[in-house]
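So that the names make sense, note that chain A is the first sequence line, chain B the second, and so on, each numbered from 1.
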Number of protein chains: 2
Amino acid sequence: VAEFKGISPAQFFYKNKQLAGFQNRVRALYQTIRELVENALDATDTHMILPTIKVDITPDGEDGVFRITVEDNGIGIPPEHIPNAFGRVLYSSKYVLRQTRGTFGLGVKMAVLYAQSETGSPVEVYSTPIGRKRVFHYKIKIDIEKNVPIILEEGSYPSGDARWHGTRVSIRLTGDWGRAKNKIYEYFKRTAIIVPYSEIVFSDPEGNIFYFERATTKLPRPPRVTKPHPHGADIELINDMIKNTKARTIKDFLIKEFQSIGEVTARKILELAGIKPSTPPKSLKTHQIERLVRAFRSFKGIRPPRGDHLSPIGEDIIKIGLKAILKPEYVDAVTRRPAVHEGHAFIVEAGIAYGGAIKSSDTPLLLRYANKIPLLYDETADVSYKVLWKISTSKDRLDWSQYEVSFPAPIAVLVHICSTKIPYKGVGKESIADVPEIEREIEAALRHLLRGLKRYLLKKKKEMEESSR
Amino acid sequence: VAEFKGISPAQFFYKNKQLAGFQNRVRALYQTIRELVENALDATDTHMILPTIKVDITPDGEDGVFRITVEDNGIGIPPEHIPNAFGRVLYSSKYVLRQTRGTFGLGVKMAVLYAQSETGSPVEVYSTPIGRKRVFHYKIKIDIEKNVPIILEEGSYPSGDARWHGTRVSIRLTGDWGRAKNKIYEYFKRTAIIVPYSEIVFSDPEGNIFYFERATTKLPRPPRVTKPHPHGADIELINDMIKNTKARTIKDFLIKEFQSIGEVTARKILELAGIKPSTPPKSLKTHQIERLVRAFRSFKGIRPPRGDHLSPIGEDIIKIGLKAILKPEYVDAVTRRPAVHEGHAFIVEAGIAYGGAIKSSDTPLLLRYANKIPLLYDETADVSYKVLWKISTSKDRLDWSQYEVSFPAPIAVLVHICSTKIPYKGVGKESIADVPEIEREIEAALRHLLRGLKRYLLKKKKEMEESSR
Ligand SMILES: Nc1ncnc2c1ncn2[C@@H]1O[C@H](COP(=O)(O)OP(=O)(O)OP(=O)(O)O)[C@@H](O)[C@H]1O
Ligand SMILES: Nc1ncnc2c1ncn2[C@@H]1O[C@H](COP(=O)(O)OP(=O)(O)OP(=O)(O)O)[C@@H](O)[C@H]1O
Ligand SMILES: [Mg+2]
Ligand SMILES: [Mg+2]
């Protein structure tokens with residue numbers, strides 16, 4: 001007799017923690033740092049705050065047990081939402097259509113689940129939301145069966161500094177520092193490259209303190225919430241939008257709730273779908289919504305989504321970051337125009353750094369980023385690696401020597417993809433699927449930068465030849 | 001002001017369907033076939049039933065819309081569980097510690113979610129559980145916001161044949177048959193290789209009918225439910241086990257609820273953990289359970305898990321499958337002894353097929369399987385590919401020519417990993433993480449088979465030299 005049961009999302013992700021990057025004590029330590037730092041950065045640069053982030057990893061009690069603390073000067077978390085934000089899997093402030101690092105509503109909860117299953121310790125949260133004058137603090141565990149927070153302690157006290165705001169999160173877990181440290185050091189370096197406007201202080205369990213100073217006060221333009229585009233729509237998305245709309249007619253619904261649909265386009269789409277423009281949206285039947293989705297897909301006159309809600313880093317900031325951390329002799333960057341994939345706009349940016357303090361190596365150093373998050377694992381499964389490999393090794397493709405580069409060479413290549421929907425291959429956010437539109441954009445960006453590098457190398461070669469006469 | 005909210009697992013997987021292999025109309029068609037066929041096989045061979053499976057893909061209405069129907073002679077589904085089995089994400093009969101293809105409680109629901117969002121159609125289910133004399137039928141959609149089934153139709157009628165039992169599932173969705181067909185054909189061939197005891201009839205949208213006949217009536221031994229092993233335990237697993245145990249003392253709890261713990265081992269572990277053997281399990285505090293987990297990990301005297309609950313395919317059946325589908329001149333297979341990873345036993349099996357009808361190619365054809373499921377995508381991210389590549393290309397490794405093989409060559413390599421916990425890299429089950437213990441087992445199995453192939457090729461070379469004198 002088969003045993004049927006349902007489980008909660010907390011049970012699901014606890015049982016399958018390897019899907020989220022928590023498969024062992026090496027990866028769990030790394031992933032916890034990532035999840036906390038990425039939440040801290042989302043709470044700052046997304047809101048035009050210059051980030052100041054303090055990270056501590058300290059041995060705590062038994063061998064192999066560490067306390068990880070991350071503190072930021074971000075927007076803080078309203079106290080009524082703190083228990084669910086840390087204690088309920090699939091709870092988030094980022095379930096809106098805006099480019100942020102966080103997207104799943106899972107990250108910090110994975111760290112809490114892991115810590116609680118390894119040391120039994122709750123997460124400790126201190127937070128002062130902008131404009132509030134108190135520090136709110138909580139000790140939280142997760143009731144895995146019910147997927148609800150267990151509040152072990154809560155309270156508040158007056159904040160010492162009326163202008164301070166931010167969050168401090170502290171987690172106690174088992175980790176393998178020895179095996180994880182190189183990846184963690186690399187994570188901080190790559191974070192400093194992509195957010196050179198951030199000040200980061202990292203103190204490790206061996207007593208070392210790493211200070212990444214703020215290399216610029218320039219911030220990228222902030223991301224904005226945008227509306228869905230018809231090409232990203234299906235029946236269930238429309239059902240959900242209809243539930244929440246105040247529009248009284250289907251024509252107004254299309255114009256108001258979607259991007260890229262004006263009066264003329266709305267009428268044409270409705271005509272194609274055989275639906276009267278005055279129809280109340282909430283009265284539509286499923287087969288009518290199906291015809292609407294078909295009309296979206298077959299009607300050729302819908303403008304592609306714009307990209308101005310996105311938040312690219314920008315060529316200046318990319319160059320500042322590469323210079324500050326890699327100290328190359330030559331650096332360049334390019335931000336491509338917005339492109340589209342399944343109704344979501346995306347922007348590819350790339351950077352190249354050559355020579356100087358960069359070590360020579362048989363292959364270029366590939367620095368991958370998605371929505372300003374550094375991706376360090378699963379390189380060979382990633383779309384950027386595929387493009388770089390194709391440029392480097394395909395018989396029918398141009399090769400590096402065509403750009404005056406012969407390996408071993410001191411060269412680093414940065415690729416950043418930003419979008420309201422990143423096609424991550426897994427919830428652990430380590431690699432990006434090889435979507436053809438994204439592949440094309442990365443290749444175009446890299447070739448543009450390689451042409452610039454070639455001009456530089458040719459000029460340098462010429463100068464050396466002249467000076468040696 | 002940040003917009004906080006929680007979402008259901010149905011909303012989560014609907015929004016992130018690319019994580020589960022439903023990223024576009026090519027992959028969705030392929031993945032739907034997989035999920036339905038894998039459920040059908042779980043309902044048969046796991047229960048010592050020779051599988052007979054019928055698969056139809058038929059154009060249905062508009063261009064690009066298909067109806068997929070899969071019918072099996074399996075154990076069926078009790079009617080009271082059908083709505084949740086098809087309409088509630090994270091609902092399953094396979095959340096027990098036993099080797100099955102299904103593990104997540106998500107597969108068929110992803111197909112239902114995709115179909116409903118693309119065509120608005122419900123899934124249609126017909127089922128007669130073993131021993132019942134009626135056919136129970138349902139039309140079900142998923143309430144995505146609440147993650148509960150919506151039953152559009154239900155009923156039952158007397159089954160025509162008192163001995164018939166099984167299930168028929170029918171789904172209507174949009175798909176790109178042209179781009180998906182080669183992968184789907186390959187999926188059926190690779191399924192026929194691994195379950196040659198199964199009869200499969202597949203009729204495609206072009207009117208072709210593919211009949212994979214039952215090549216043997218030998219079935220692998222069925223998998224059995226097993227108990228957790230202490231090395232796979234953490235605080236939350238033990239909490240959960242304590243909730244459900246009838247054991248009155250912690251000593252009896254350890255002996256009864258875990259595998260590999262007898263009287264002596266139980267006493268020694270409890271001594272190490274500083275817990276009295278007579279302590280009632282439900283009275284233990286978190287810090288005591290933490291000491292128990294430490295004792296599990298530090299005590300050296302715990303036998304590794306046995307593997308006899310696992311269900312390897314077996315060398316005979318692997319060879320039958322390879323012969324029936326690839327028609328090689330030479331075939332061999334090996335089933336390794338059980339090994340262990342994080343408290344879960346696993347068995348690696350491998351097969352090799354050479355010559356005959358196999359086409360020569362620059363690289364060996366790699367056939368990957370996990371718990372009898374063929375894995376066709378993400379090959380380069382998979383542990384088997386990594387091992388094969390390492391054997392083939394590392395400078396310090398033996399290469400293929402050492403085994404008398406020079407490329408191009410007509411060679412196929414099969415790797416099957418079975419376990420109560422497969423370290424899949426994603427919920428779409430396409431590749432397996434490179435866990436060192438698994439890597440070692442695959443390499444040992446392949447080298448064993450390559451030595452056998454070498455003997456065959458040397459013998460063949462000698463015979464040809466002698467006959468040419
Ligand atoms: N340091 C922080 N400052 C402000 N808000 C935070 C901070 N850390 C967490 N939060 C809040 O808690 C929520 C849950 O965080 P969590 O990491 O689980 O999910 P997420 O960041 O939304 O998505 P993802 O799973 O992709 O990380 C966030 O959406 C955010 O609102
Ligand atoms: N053809 C079938 N015969 C018998 N039971 C079935 C069949 N199809 C589905 N089921 C039942 O429905 C449940 C849910 O199926 P679903 O594919 O969603 O999850 P699963 O197979 O348990 O896990 P996974 O997500 O890994 O596939 C199964 O556990 C099984 O009990
Ligand atoms: Mg997060
Ligand atoms: Mg399944």
Could you tell me whether Lys17(B) and Glu342(A) have a side-chain N and a carboxylate O separated by less than 4.0 Å?
no

Checking heavy atoms, do the side chain of Val427(A), its backbone, both or neither come under 4.5 Å from chain B?
both

Gln18(B) side chain reached by Lys425(A) side chain, heavy atoms, under 4.5 Å
no

Contact class of Glu290(A) relative to chain B, heavy atoms under 4.5 angstrom
side chain

Using atom types as modelled, flag every donor-acceptor pair under 3.5 Å from a side chain in residues 81-90 of chain B to any protein atom, sequence neighbours excluded.
unit_1   : atom_1 : unit_2    : atom_2 : d
His81(B) : ND1    : Tyr91(B)  : OH     : 2.9
Arg88(B) : NH1    : Asn147(B) : O      : 2.8

Let me know if Thr119(A) has heavy atoms under 4.5 Å from chain B in its side chain, its backbone, both or neither.
both

Tell me, please, which residues at least two apart from Thr167(A) pass side chain to side chain contact (heavy atoms under 4.5 Å, CB included).
Asp72(A), Ile77(A), Val125(A), Ser127(A), Val169(A)

Under-4.0 Å salt bridge between Glu145(B) and Lys243(A)
yes

Electrostatic pair Asp63(B)-Arg294(A), nearest N-O below 4.0 angstrom:
no

Considering heavy atoms only, which positions within residues 101-117 of chain B lie below 4.5 Å of chain A?
Phe104(B), Gln116(B), Ser117(B)

Please classify the contact of Lys141(A) with chain B as side chain, backbone, both or neither, using a heavy-atom distance under 4.5 Å.
side chain

Heavy-atom distances under 4.5 Å only: say whether Glu430(A) touches chain B with side chain, backbone, both or neither.
neither

NZ of Lys5(A) to OG of Ser93(B), rounded to nearest 0.5 Å, is 11.5 Å

Below 4.5 Å from any heavy atom of chain A, which atoms of Val96(B) appear? Answer side chain, backbone, both or neither.
side chain

Whatever's closer than 4.5 Å to a heavy atom in chain A on Pro78(B) counts as side chain

What part of Ile130(A) lies closer than 4.5 angstrom to a heavy atom of chain B: side chain, backbone, both or neither?
neither

Close approach to chain A in residues 7-15 of chain B, criterion heavy atom under 4.5 Å
Ile7(B), Ser8(B), Pro9(B), Phe12(B), Phe13(B), Tyr14(B), Lys15(B)

Residue Val225(A) versus chain B: region with a heavy atom under 4.5 Å
neither

